[in-house]
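Report on the structure given below.
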There are 2 protein chains.
Amino acid sequence: MYSYEYPRPALTVDVVIFSLRESRLQVLLVQRAEPPFAGMWALPGGFVNMDETLEEAALREMEEETGLKQAYLEQLYTYGEIGRDPRGRVVSVAYYALIPADARIRSEGGSDARQAGWFSAQALPALAFDHAEIIAYALRRLRYKLEYTAACFELLPDEFTLSQIQHTYEMILGEKLDKRNFRRRIQQAGIIEPTPHLRGGEGRPARLYRYRSDAVAEVKARRLFP
Amino acid sequence: MYSYEYPRPALTVDVVIFSLRESRLQVLLVQRAEPPFAGMWALPGGFVNMDETLEEAALREMEEETGLKQAYLEQLYTYGEIGRDPRGRVVSVAYYALIPADARIRSEGGSDARQAGWFSAQALPALAFDHAEIIAYALRRLRYKLEYTAACFELLPDEFTLSQIQHTYEMILGEKLDKRNFRRRIQQAGIIEPTPHLRGGEGRPARLYRYRSDAVAEVKARRLFP
DNA sequence: CCAAAAGTGTTTGCTCTACACCCATGG
DNA sequence: CCATGGGTGTAGAGCAAACACTTTTGG
């Protein structure tokens, strides 16, 4: 049934790393030093080693670029079009990662001494390979995920204000939400709890909340048919 | 950045083929002739050739077992655990396919002269590799998909009665639905249209409907927060 | 005429949405 | 005292859920 004599496609992982920075949803990209696509920006990624799982490979790539050893990580899709890499047959398993707004990230490029940078998900530079397609799909999945799970909290710091959550939603979904309705719903959902802390700044100080890790935060989808 | 000297994992596809048969949701399996797992049942699958995309490979595997050249096919997940195949490092891209209840399927095993058979998704035999996990996930995705898209029609014949749709939903979701509410909702959704035909049998003949291919059948999810 | 499946409306409760003003703090 | 963001309640509309009987055919 299986044989080991066939030529094999090369197998890589690519990671779409999302974070909230400068009040925007941003994506981490690296600049390619060599052809093909030299000088263009691309997703962090690379070969899957023989002794690591796909997820381990994705985490390794993420750590090389950000210094972070863990984050919310989810497999996105596997890209296997014939001509997607001009150098040969390369199949790539794409992942996306969410990292908290306050995470301390190694600012300069990782081990490869490649240039790395954050870009607004709404305004990406020209991208190598099929990476524009991958990011577009990751963004769709993130929006979608946000609509029926509590994935949002993976992007927020440990403690946050209600307005911060709302802004996160507005940023990612790309629409304004009603403040009173939003607050009522999120409080009734029972997935956050108040902390004793307030956060000052301009205007009236705001209550800080935290995510309840015991929360069940899946919502039943509205069915097409009942 | 990339190199071509590394050893490469082998790359395969596996396909979970669903169909409605004998008033049940069934899955097509093949019996393994050789070790490992000789005699156990497994998903149809095999190597990805260098000149075919992942989807082409999945379609080829499906055709080998069923004789069908096309079907609804969707990528499910990519499995890359280290020990999932005892013979070495094998990464598998899983797909699932939906084939219509009335499709004429080559009854006997495909080109490999392997034994093939249909099994109720609720009562599977012992399965080779991690295929039980793959099928469980495919079933979850199918349920999920059914709740917010019109994927159901991929499993039905071209013309069908309202009761047939309802039974399909009940079968896959595993719960009884109210007949009047179901019929009202599906008619209002505007995704099916009546044909001039009736279907006889026991009891009063039933109107046959067909799926409107121009239908927009995504439903907006109920958000966790508005 | 009997069995079997098809077909058909209404009421009630709940959820979603729209909407405007006062509060607490820092400068 | 003023600017800034934080915090709060209600009324109306639309949607979802529960519920039982009549109709048409074949045997």
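Throughout, protein chains are lettered first and strands after them, A, B, ... in sequence-line order, and every chain is numbered starting at 1.
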Interatomic distance where [atom1] belongs to [X] and [atom2] belongs to [N] [whole Å]:
X	N	atom1	atom2	answer
B:Asp178	D:dA20	CG	P	10 Å
B:Ile186	C:dT8	CD1	P	14 Å
A:Phe160	D:dG6	CZ	C1'	16 Å
B:Arg199	D:dT24	CZ	P	19 Å
A:Lys176	C:dC19	NZ	P	15 Å
A:Gln166	D:dG5	CD	C1'	12 Å
B:Phe182	D:dA16	CZ	P	14 Å
B:Arg185	D:dA17	CZ	C1'	10 Å

- Task: Specify whether A:Tyr79 and A:Tyr77 have parallel, tilted or perpendicular ring planes, treating 30° as the upper limit for parallel and 60° as the lower limit for perpendicular.
- Result: perpendicular
Could you tell me which residues satisfy side-chain hydrogen bond (donor to acceptor under 3.5 Å, both in side chains) with [X], sequence neighbours excluded, listed by chain and number?
X	result
B:Tyr95	B:Gln75
A:Thr66	none
B:Gln26	B:Glu22
B:Arg143	none

- Query: Which part of the nucleic acid, if any, lies within contact of B:Arg207, taking any heavy atom under 4.0 Å across all strands shown: a base, the sugar-phosphate backbone alone, or nothing?
  - Reply: sugar-phosphate
- Task: List for me each residue that meets salt bridge (Lys or Arg N to Asp or Glu O under 4.0 Å) alongside A:Arg141, sequence neighbours excluded, and say none if there are none.
- Result: A:Glu74
- Task: Quick one: list whatever passes salt bridge (Lys or Arg N to Asp or Glu O under 4.0 Å) with A:Glu193, sequence neighbours left out.
- Result: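 Applying salt bridge (Lys or Arg N to Asp or Glu O under 4.0 Å) to A:Glu193 gives A:Arg210.
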- Message: I need the A:Gln115 CD to A:Leu29 CG distance, nearest 0.5 Å.
- Response: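 Rounded to the nearest 0.5 Å, the CD-CG separation comes to 12.0 Å.
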- Query: In B/S/- notation, 5' to 3', how is nucleotides 20-27 of chain C contacted by protein heavy atoms closer than 4.0 Å?
  - Reply: B--BBB--
- Message: With a 4.0 Å cutoff (strictly under), does any side-chain N or O of B:Ser163 reach OP1 or OP2 of C:dA6?
- Response: yes
- Summary of ring-ring contact (aromatic ring centres under 6.0 Å, His included) pairs that have at least one residue in residues 183-206 of chain A, sequence neighbours excluded: none
Dump the pairs, protein N or O against N or O of nucleotides 10-14 of chain D, anything under 3.5 Å, distances to one decimal.
{"residue": "D:dT10", "atom": "O4", "partner": "A:Arg184", "partner atom": "NH2", "Å": "3.1"}

